[in-house]
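A, B, ... follow the sequence lines: proteins, then strands. Residue 1 opens every chain.
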Protein chains: 2
Amino acid sequence: MAHSHDDHHHERPRDLTRNQDLVLQTLNHAEGPLSAYDILDKLREDGLRAPLQVYRALDKLVEQGLAHRLESLSAFVCCADAGCHDGARTAAFAICSGCGRVDEFADPEVVERLAAWAQEKGFGLERTTIELRGRCARCLGSSTP
Amino acid sequence: MAHSHDDHHHERPRDLTRNQDLVLQTLNHAEGPLSAYDILDKLREDGLRAPLQVYRALDKLVEQGLAHRLESLSAFVCCADAGCHDGARTAAFAICSGCGRVDEFADPEVVERLAAWAQEKGFGLERTTIELRGRCARCLGSSTP
DNA sequence: CGGTGAAATGTTATGACATAACGCTATCGA
DNA sequence: TCGATAGCGTTATGTCATAACATTTCACCG
Ligand SMILES: [Zn+2]
Ligand SMILES: [Zn+2]
Ligand SMILES: [Zn+2]
Ligand SMILES: [Zn+2]
């Protein structure tokens, strides 16, 4: 059981519920991104039955920066950078078309440039999506270059 | 019939077919991004009946840089920057959650930083998605700031 | 002219992703 | 204890995208 003993959970939003914890663990153990339905399939034996149960958990996880949605894939990964866990950090993702693996990184300079553009245009920036598609070094090295 | 008189269409790949032209004009006249099904609805009276007709046209338009897919919206806009029309250019998009309008721009420095990251990691970069979400100056100015 | 191959088209069916709407339950502070 | 808030479970539905197959169009060439 998650979050049961040892903490008084007095209004700690960082405390995960059962479903949230199940979904996060599933993402954690996955090699690459999973769709909500992939996650659902892996959690049927734990009692989950409907997509909404997964989507609701994902919403919270993404909100807290513990997971990310990859827009260009309509799929989710667990966060690989503690810096995101406050929720605000802007991350970038390199997604390999070959093996499906995702590399999360942060480039402050890129973020700063985009923020500057927004500033200049009076655009109230709330969220930024940066996704690179291509083939990772491993995939380039091994097959049909 | 589109593209019939006045041009000899001798193997110009930049030459749009009837469906491609219809879809592009629809995007052109729209205020903001349209989903493929939005486009389909607007083109029923022109004889289009199935989503695939629209998706196929969109594929070609995106390929040629005449339109862009906004991943975070699952929708499409016509390109606002002739620099894209060779297909290779990396554009960024600021999408307003208030009015839905989209502002396309290019930041060479951002592109260069991302390319440098890819270079360093041996990642074979093929395509880059950059999307900013927030509220445009107009929407911030007018309501509940 | 008539054949040929590539690309585009039209159509039906299906798959994949996501949310609306409802009612119930657990928890916590006043 | 009561009311508020957040989470949960379920059904139904909505939205986005592609598979598969038959047909049409048209530049090209013998
Ligand atoms: Zn992260
Ligand atoms: Zn790879
Ligand atoms: Zn463009
Ligand atoms: Zn706006």
Rounded to the nearest angstrom, tell me the gap between atom CZ in A:Arg49 and atom C1' in D:dA12.
16 Å
Using a cut-off of strictly less than 4.0 Å between a heavy atom of the residue and any atom of DNA chain D, enumerate the qualifying residues of residues 54-62 of chain B by number.
B:Tyr55
Please state how far atom CZ in A:Phe76 lies from atom P in C:dA16, giving the value in whole angstrom units.
16 Å
Let me have the donor-acceptor pairs involving side chains of residues 40-56 of chain A, under 3.5 Å, with sequence neighbours excluded, atom names and distances please.
from: A:Arg44; atom 1: NH1; to: A:Arg49; atom 2: O; distance (Å): 3.4
from: A:Gln53; atom 1: OE1; to: A:Arg49; atom 2: N; distance (Å): 2.7
from: A:Gln53; atom 1: OE1; to: A:Ala50; atom 2: N; distance (Å): 2.9

Do the side-chain N and O atoms of A:Gln64 and A:His85 include a donor-acceptor pair separated by under 3.5 angstrom?
no
Below the 4.0 Å mark, does D:dG9 have OP1 or OP2 next to a side-chain nitrogen or oxygen of A:Gln53?
yes
Check side chain to side chain donor-acceptor pair (under 3.5 Å) between B:Asn19 and all other residues, then give those that pass, not counting sequence neighbours.
none
Mind calculating the distance between CG (B:Leu52) and P (C:dA8) to the nearest angstrom?
13 Å
For B:Leu48, answer base if it contacts any base atom (sugar-phosphate contacts may also be present), sugar-phosphate if it contacts only those atoms, and nothing otherwise; contact means non-hydrogen atoms under 4.0 Å.
nothing
To the nearest 0.5 Å, atom CG of A:Leu66 lies from atom SG of A:Cys79 at 7.5 Å
Do you know which two heavy atoms are closest between B:Gly124 and A:Leu140, and how far apart they sit?
N-CD1, 3.6 Å
Tell me whether the side-chain N/O atoms of A:Thr17 come closer than 4.0 Å to OP1 or OP2 in D:dC8.
yes
Connecting only ILVMFWY residues whose side-chain heavy atoms lie within less than 4.5 Å of each other, what is the rest of A:Phe93's hydrophobic cluster?
A:Leu70, A:Leu73, A:Val77, A:Ile95, A:Val102
With the threshold set at under 4.0 Å for non-hydrogen atoms, list the residues of residues 67-74 of chain A touching DNA chain C in residue-number order.
A:Arg69, A:Ser74
Taking all heavy atoms of B:Ser97 and all of B:Arg133, pick out the closest pair and write down the distance.
OG-NH2, 4.3 Å
If the condition is side chain to side chain donor-acceptor pair (under 3.5 Å), which residues does A:Asp81 pass it with, not counting sequence neighbours?
A:Arg89
Going by side chain to side chain donor-acceptor pair (under 3.5 Å), name the residues that satisfy it together with B:Arg101, two or more places apart in sequence or in a different chain.
B:Glu31
List in chain and number order the residues that pass salt bridge (Lys or Arg N to Asp or Glu O under 4.0 Å) with B:Arg113, two or more places apart in sequence or in another chain; answer none if no residue qualifies.
A:Asp107
Nucleotide D:dG7, atom P - distance to CG of A:Asp21 in whole Å
14 Å
A:Asp15 CG to D:dG7 P, straight-line distance once rounded to whole Å:
11 Å
Using a 4.5 Å side-chain heavy-atom cut-off and chaining through intermediate ILVMFWY residues, the residues clustered with A:Ile130 come out as A:Phe105, A:Val110, A:Leu114, A:Trp117, A:Phe123, A:Leu125, A:Leu132, B:Phe105, B:Val110, B:Leu114, B:Trp117, B:Phe123, B:Leu125, B:Ile130, B:Leu132
Set of residues satisfying side chain to side chain donor-acceptor pair (under 3.5 Å) with respect to B:Glu71, sequence neighbours excluded
B:Arg69
Please list each protein N or O that sits under 3.5 Å from an N or O in nucleotides 24-26 of chain C, with the distance.
none

Using a cut-off of strictly less than 4.0 Å between a heavy atom of the residue and any atom of DNA chain C, enumerate the qualifying residues of residues 34-47 of chain A by number.
A:Ser35, A:Tyr37
Between A:Cys84 and A:Ala91, the two heavy atoms sitting closest are SG-CB, 4.2 Å
Integer-rounded Å distance: C:dT9 C1' and B:Leu16 CG:
16 Å
Tell me if a side-chain donor or acceptor on B:Glu104 pairs with a main-chain N or O of B:Ala80 at a distance below 3.5 Å.
yes
Using the side-chain heavy atoms of A:Pro51, tell me which of these nucleotides is nearest: D:dT10, C:dT19, D:dC8.
C:dT19
